**Student:** 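Could you have a look at this structure, given as structure tokens, before my questions?
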Amino acid sequence: MLSRSEMLDESLGYVAPDYLEQYNDDIESETILAIRQERQTQLFEPKSKRYYQAVQAVRDIQSNEFNFSGSVVKVGQGDELSLEQQQRFNQALKVFSPWKKGPFELFGTFIDAEWRSDWKWERILPHIQSLTDRKVADIGCHNGYFMFRMAHQKPACVIGFEPYAKHFWNFQLVQNIVQQKMLHFELLGVEHIDLYPDFFDTIFCLGILYHHTDPVGLLRKLHKSLKKNGEIIIDCQGIPGDLPVALTPQKRYARARGIWFLPTQSCLENWINRAGFNKINCFFAEPLSTAEQRRTSWAEIDSLSEFLDPENQSLTIEGYPAPWRYYVIAHKD
């Protein structure tokens with residue numbers, strides 16, 4: 001089996017020890033490796049060129065200073081870099097705009113992302129078991145904000161599932177500096193989670209289900225990959241209402257493509273139950289706020305306030321019920 005370092009040009013970044021070698025007998029390693037080989041080619045395709053060039057341009061910048069314990073993922077100190085290094089590093093950061101997940105503070109530069117991901121993590125943290133020494137999946141890990149927050153608890157490993165090259169390189173920009181050996185970014189989607197049967201102690205499925213045409217089928221795959229007595233944390237966009245129903249938009253929802261099913265709370269809980277999970281607890285149910293998803297200087301794009309009806313904020317621009325967020329924790333016997 002090829003090692004992770006043999007699969008990725010080491011000159012472009014820090015490569016954590018390959019977990020496939022450690023857990024070869026527990027997961028479908030050969031299939032995962034084959035998908036990895038095929039997908040890693042996209043990292044160097046022309047459309048990804050500016051992202052990997054940005055990362056390569058700052059490969060010389062290192063620091064032993066980082067802090068993942070607070071709301072802001074902090075790496076380095078502003079006075080560590082020369083003026084030339086700071087300018088070069090800030091240019092690399094701008095390549096990844098708009099920053100969707102955060103906040104980060106990288107060598108003194110504060111990156112206020114579109115989403116207040118720290119709010120989500122602070123809601124979740126009181127309800128989960130400690131991640132120390134656990135095998136964790138972060139489904140749809142994006143740029144790795146939550147993975148870095150998880151690293152603070154010293155898990156055995158965190159595997160981030162995210163099929164987009166831009167997000168890989170955004171993660172790699174930070175990982176090259178902090179070199180967290182328990183963090184692994186795979187260019188996989190949630191549909192590949194069942195290649196890890198009975199493997200994960202904790203699964204985070206945040207902001208994923210409503211983007212897929214078969215949410216119950218995905219939940220069954222997630223159930224298959226969770227160990228006995230493991231727990232799953234689900235954050236799902238939905239709609240208000242008492243009936244166990246889901247909205248299927250005709251085309252777009254809040255101007256977004258790829259939205260298929262937006263459940264009520266009871267509908268989401270029924271999905272989770274019918275997928276085989278138990279001890280289901282919805283610990284947060286509120287409308288999505290324009291203070292949580294908004295335009296910033298690092299995300300100069302239309303955001304939630306532009307996606308809602310300007311005359312009636314309880315509706316989307318298309319006339320659908322405005323989004324709620326439901327956070328659910330469930331377990332596997």
Side-chain angles (χ1 to χ4, degrees), residues 68 71 73 99-104 113-129 131 134-153 155 158-164 167-168 170-171 183-186 188-193 196 200-212 215-216 218-219 221-223 225-226 230-238 253-254 256 258-263 265 268-269 271-272 275 277 280-289 292-293 303-304 323-331:
F68 305 145
S71 60
V73 171
W99 285 68
K100 305 281 284 185
K101 310 293 182 182
F104 291 85
E114 179 191 13
W115 283 88
R116 290 296 306 266
S117 304
D118 54 318
W119 291 9
K120 183 177 293 190
W121 189 246
E122 294 308 316
R123 292 178 192 132
I124 290 171
L125 200 56
H127 300 276
I128 62 173
Q129 298 179 42
L131 301 180
R134 291 169 77 89
K135 298 192 290 291
V136 181
D138 183 3
I139 308 299
C141 64
H142 203 270
N143 62 15
Y145 172 84
F146 293 114
M147 295 174 69
F148 293 116
R149 294 297 306 271
M150 294 172 198
H152 175 66
Q153 296 189 33
V158 178
I159 301 174
F161 290 68
E162 181 61 70
Y164 297 105
H167 302 330
F168 170 87
N170 200 168
F171 165 81
L183 301 184
H184 310 272
F185 192 114
E186 291 282 9
L188 303 177
V190 63
E191 66 272 15
H192 300 113
I193 190 71
Y196 301 77
F200 292 109
D201 300 291
T202 304
I203 296 175
F204 294 91
C205 182
L206 309 179
I208 298 298
L209 288 181
Y210 55 94
H211 286 298
H212 289 268
V216 177
L218 289 183
L219 284 166
K221 285 192 171 192
L222 291 163
H223 185 271
S225 71
L226 194 64
E231 65 182 12
I232 185 170
I233 300 90
I234 296 167
D235 154 45
C236 187
Q237 191 158 284
Y253 175 82
I259 306 293
W260 292 94
F261 295 101
L262 292 151
Q265 178 181 329
L268 176 60
E269 291 171 348
W271 289 351
I272 297 168
F277 295 98
I280 299 166
N281 173 36
C282 182
F283 59 87
F284 181 88
E286 288 187 9
L288 179 59
S289 164
E292 185 168 355
Q293 183 192 12
S303 194
L304 182 59
W324 279 51
R325 303 299 292 205
Y326 298 111
Y327 291 60
V328 180
I329 189 167
H331 298 82

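Just so you know, these numbers use all the heavy atoms, side chains as well, and skip hydrogens, waters and symmetry mates. Note that this is a predicted model, so its numbers are computed, not measured.
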**Student:** Do you know which of I232, V158, D138, I233 makes side chain to side chain contact (heavy atoms under 4.5 Å, CB included) with T202?
**Tutor:** I233
**Student:** Could you tell me whether the side chain of E186 reaches within less than 4.5 Å of the side chain of H192, counting heavy atoms only?
**Tutor:**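 H192 vs E186: side chains apart.
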**Student:** Got a second to check how far I208's CD1 is from L222's CG, nearest 0.5 Å?
**Tutor:** 9.5 Å
**Student:** Establish, yes or no, whether a centroid distance under 6.0 Å links the rings of F204 and W121.
**Tutor:**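 Here the rings of W121 and F204 have centres that are less than 6.0 Å from each other.
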**Student:** Does any non-hydrogen side-chain atom of W324 lie less than 4.5 Å from one of L262?
**Tutor:**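 No; the side chains remain at least 4.5 Å from each other.
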**Student:** Quick test of your reading of the model: are E286 and R123 salt-bridged, counting only N-O distances below 4.0 Å?
**Tutor:** no
**Student:** Look at the aromatic rings of F171 and F168 and report parallel, tilted or perpendicular, splitting at 30° and 60°.
**Tutor:**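 Because their plane-to-plane angle lies in the 30° to 60° range, the rings of F171 and F168 count as tilted.
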**Student:** Rounded to the nearest 0.5 Å, how far apart are CD of E231 and CZ of F200?
**Tutor:**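 Reported to 0.5 Å precision, the distance equals 14.5 Å.
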**Student:** Look only at the side chain of D118 and the backbone of P103, and say whether a donor-acceptor pair between them is shorter than 3.5 Å.
**Tutor:**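 Not confirmed, D118 side chain does not pair with P103 backbone.
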**Student:** Using 4.0 Å as the upper bound for N to carboxylate O, is an ion pair formed by K100 and E114?
**Tutor:**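 Yes, E114 and K100 are salt-bridged.
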**Student:** In terms of the angle between their ring planes, are Y327 and F284 parallel, tilted or perpendicular, with boundaries placed at 30° and 60°?
**Tutor:**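 Judged by the thresholds at 30° and 60°, the geometry between Y327 and F284 is perpendicular.
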**Student:** Any chance OH of Y164 has more than 12 other-residue heavy atoms, nucleotides or ligands included, within less than 6.0 Å?
**Tutor:**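 Atom OH in Y164 is not packed in, count stays at 12 or less.
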**Student:** Go through the steps to decide whether F104 and W99 satisfy the test ring pair (Phe, Tyr, Trp, His ring centres under 6.0 Å), and finish with yes or no.
**Tutor:** CA-CA 10 Å; F104 291 85; W99 285 68; 5.5 Å; yes
